[in-house]
Amino acid sequence: MVIGISFVLTGMIFLILGGLRIRWTTQFFEETAEQTLTRIIEYRNSKTRFYFLQLALLVIGLAAYVSSVITYLMNG
């Protein structure tokens with residue numbers, strides 16, 4: 001149960017520290033429009049990867065928590 005709660009809390013901390021941070025496209029300034037667009041796409045891709053990490057931590061944590069509750073109820 002502790003492992004599950006730890007994963008969920010870690011996922012939520014990552015969400016609060018990084019996932020909820022918004023950077024508007026007007027904040028990207030590069031020398032050319034093509035470089036600006038490339039930077040925007042790189043930023044989007046990194047946020048997507050980070051989102052999947054957060055999601056994986058939450059799923060692992062919830063699965064561990066639920067499996068510990070089920071095990072307790074089965075062997076209770």
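- The minimum heavy-atom distance between A64 and G4, with the atom names listed, is CB-CA, 3.7 Å.
- From Q54, atom CD reaches atom NZ of K47 across 8.0 Å, with rounding to the nearest 0.5 Å.
- Y43 belongs to a hydrophobic cluster whose remaining members, ordered by chain and number, are F28, I40; membership requires side-chain heavy atoms of ILVMFWY residues under 4.5 Å apart, directly or through intermediates.
- Applying the side-chain contact (heavy atoms from CB on, under 4.5 Å) rule to I22 yields the partners W24; only residues at least two apart in sequence or on another chain are considered.
- L57 forms part of a hydrophobic cluster together with I3, F7, F14, F50, L53, I60, judged by ILVMFWY side-chain heavy-atom separations under 4.5 Å.
- Annotation for L37: hydrophobic cluster partners, listed by chain and number, are I41 (ILVMFWY side-chain heavy atoms under 4.5 Å, direct or chained).
- Residues passing the side-chain contact (heavy atoms from CB on, under 4.5 Å) test with F29: none are found, sequence neighbours excluded.
- Taken to the nearest 0.5 Å, the CD atom of E42 stands 10.5 Å off from the CZ atom of R44.
- Applying the ring pair (Phe, Tyr, Trp, His ring centres under 6.0 Å) test to pairs two or more places apart or on separate chains, none has a residue in residues 54-76.
- Rounded to the nearest 0.5 Å, atoms OG1 (T10) and CG (L58) are 9.5 Å apart.
- Atom-to-atom distance recorded for M1:CE and S6:OG is 12.0 Å, nearest 0.5 angstrom.
- V8 and V59 end up in different hydrophobic clusters when Ile, Leu, Val, Met, Phe, Trp and Tyr side chains are linked at under 4.5 Å.
- In the hydrophobic clustering, where aliphatic and aromatic side chains (Ile, Leu, Val, Met, Phe, Trp, Tyr) are joined below 4.5 Å either directly or transitively, I13 groups with L17.
- Heavy atoms from other residues, nucleotides or ligands lying under 6.0 Å from CD of E31 number 12 at most.
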